[in-house]
Amino acid sequence: MYPEDKKYTVDSTHSTDSVGSGHSTYSTHSALNTLSTAIFYLAILFFIIGFNFSDRMAGNWYQQFLPAINNRPISDITFVDSLIGFAVTPYTANDTAYILKTTNSGDSWNRVFTGPTNSIGGFNRVKFLNLSTGFVCGNFLRKTTNGGVNWNLVNTSGIFPENMYVINEDTIWITDSDGLVGGVFRTSNGGASWQQQLNLGSQN
């Protein structure tokens with residue numbers, strides 16, 4: 001073998017190795033690009049499925065269901081925040097009144113108060129000042145200070161409140177449509193005493 005042939009052989013081998021290495025690097029980059037592209041499009045697909053084609057799309061309405069309450073209607077509903085809310089059922093003779101609570105934006109509800117309407121009255125309004133303190137009224141005014149676990153009667157001095165507006169724990173307005181002793185009443189001491197603010201007789 002001539003020296004020139006030997007040199008040519010060595011250079012040829014070196015050249016072949018370089019080409020092979022470059023081809024391997026190119027294949028690795030190509031595979032990584034393909035994988036990155038696939039992951040990118042999968043992420044877009046999951047985003048579309050999760051947010052655009054959900055049966056609970058943002059800005060749309062979907063039906064929620066209450067527990068067994070004998071087909072009673074809801075007379076009022078309020079939410080303390082995006083998760084916790086309360087609902088009440090009205091008076092119906094010889095039936096049951098309920099106070100309901102949800103802790104998951106209304107997807108499920110639990111009965112937190114149940115009683116016969118003939119003795120406790122129904123509930124027309126529900127109002128919460130914060131997560132703990134709330135009021136309901138119907139024939140009577142009731143208050144909770146533990147998020148609806150217990151509901152205690154608030155003295156209304158013989159007034160049967162059909163509606164209410166609660167400003168804070170001390171200041172509450174209630175109305176009673178009775179033509180003789182009804183009207184608009186206000187307490188500034190949490191129900192310890194009430195002052196009549198307006199009486200329109202038969203127009204109460």
Side-chain angles (χ1 to χ4, degrees), residues 50-51 54-157 159-178 182-191 194 197-198 204:
F51 293 95
S54 170
D55 61 347
R56 299 182 182 181
M57 292 187 290
N60 287 343
W61 294 88
Y62 64 94
Q63 188 172 9
Q64 296 179 320
F65 299 93
L66 297 172
I69 55 174
N70 301 324
N71 297 317
R72 301 299 306 282
I74 296 298
S75 54
D76 196 22
I77 188 170
T78 188
F79 271 78
V80 185
D81 56 28
S82 62
L83 296 174
I84 299 175
F86 294 83
V88 292
T89 62
Y91 172 84
T92 299
N94 302 313
D95 208 331
T96 305
Y98 300 95
I99 302 175
L100 308 171
K101 180 180 181 179
T102 180
T103 56
N104 57 10
S105 302
D107 288 331
S108 62
W109 295 82
N110 297 310
R111 295 183 295 268
V112 294
F113 185 91
T114 301
T117 55
N118 288 348
S119 61
I120 67 168
F123 304 112
N124 300 327
R125 293 288 178 267
V126 54
K127 168 70 176 178
F128 267 74
L129 299 174
N130 50 53
L131 292 173
S132 301
T133 306
F135 297 82
V136 293
C137 78
N139 284 355
F140 303 98
L141 180 64
R142 291 179 180 271
K143 176 183 179 181
T144 181
T145 56
N146 54 15
V149 176
N150 302 108
W151 293 87
N152 301 311
L153 280 172
V154 177
N155 170 53
T156 54
S157 302
I159 309 161
F160 295 96
E162 298 166 8
N163 208 338
M164 67 176 178
Y165 188 81
V166 182
I167 297 176
N168 52 51
E169 288 194 64
D170 293 322
T171 306
I172 306 166
W173 293 74
I174 57 176
T175 60
D176 182 349
S177 63
D178 186 273
V184 180
F185 299 83
R186 175 180 179 266
T187 181
S188 56
N189 52 22
W194 295 84
Q197 304 296 307
L198 179 68
N204 282 336

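Bear in mind that the values here come from a model prediction, so they are computed numbers and not experimental data.
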So, [X] side chain and [Y] main chain: donor-acceptor pair closer than 3.5 Å or not?
X    : Y    : result
T133 : N130 : no
N124 : E162 : yes
T144 : N150 : yes
W173 : I167 : no
K101 : G147 : yes
T89  : P73  : no

Are any of the side-chain heavy atoms of F185 and T187 separated by less than 4.5 Å?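 They are not in contact (no side-chain heavy atoms under 4.5 Å apart), so the answer is no.
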Does a side-chain heavy-atom distance below 4.5 Å link V88 with R125? no
Candidate pair S105 and D107, rule side chain to side chain donor-acceptor pair (under 3.5 Å), full reasoning: CA-CA 6 Å; S105 302; D107 288 331; 5.9 Å; no
Distance from [X] atom [atom1] to [Y] atom [atom2], nearest 0.5 Å?
X    : Y    : atom1 : atom2 : value
N163 : T175 : CG    : OG1   : 4.5 Å
W151 : I99  : CH2   : CD1   : 4.5 Å
L141 : L153 : CG    : CG    : 8.5 Å
I69  : Y98  : CD1   : OH    : 7.0 Å
L66  : R111 : CG    : CZ    : 10.5 Å
L198 : N204 : CG    : CG    : 7.0 Å

Between F140 and T156, does the side-chain contact (heavy atoms from CB on, under 4.5 Å) criterion hold? Intermediate values first, please. CA-CA 8 Å; F140 303 98; T156 54; 5.6 Å; no
Heavy-atom pair of closest approach, residues [X] and [Y]:
X    : Y    : answer
G121 : N139 : CA-ND2, 3.8 Å
W194 : N155 : NE1-O, 2.7 Å
S75  : P90  : OG-N, 3.6 Å
T171 : R186 : CG2-NE, 4.1 Å

Classify the ring geometry between F86 and F128 as parallel (under 30°), tilted (30 to 60°) or perpendicular (over 60°).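 Parallel, since the angle between the ring planes stays under 30°.
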Report the C-alpha separation of F113 and I120 in whole Å, then their side-chain angles, then the decisive distance to 0.1 Å, and conclude whether the side-chain contact (heavy atoms from CB on, under 4.5 Å) test is met. CA-CA 11 Å; F113 185 91; I120 67 168; 3.4 Å; yes
Check the pair N118, Y91 against side-chain contact (heavy atoms from CB on, under 4.5 Å), reporting the backbone distance first and the verdict last. CA-CA 8 Å; N118 288 348; Y91 172 84; 3.4 Å; yes
In residues 77-84, what donor-acceptor pairs under 3.5 Å come from side-chain atoms, sequence neighbours left out?
residue: D81; atom: OD1; partner: L83; partner atom: N; Å: 2.9
residue: D81; atom: OD1; partner: I84; partner atom: N; Å: 2.7

Starting from the C-alpha separation in whole Å, work towards a yes-or-no answer on side-chain contact (heavy atoms from CB on, under 4.5 Å) for M164 and I174. CA-CA 4 Å; M164 67 176 178; I174 57 176; 3.9 Å; yes
Candidate list V136, D76, T117, test side-chain contact (heavy atoms from CB on, under 4.5 Å), partner F123, passing option: V136
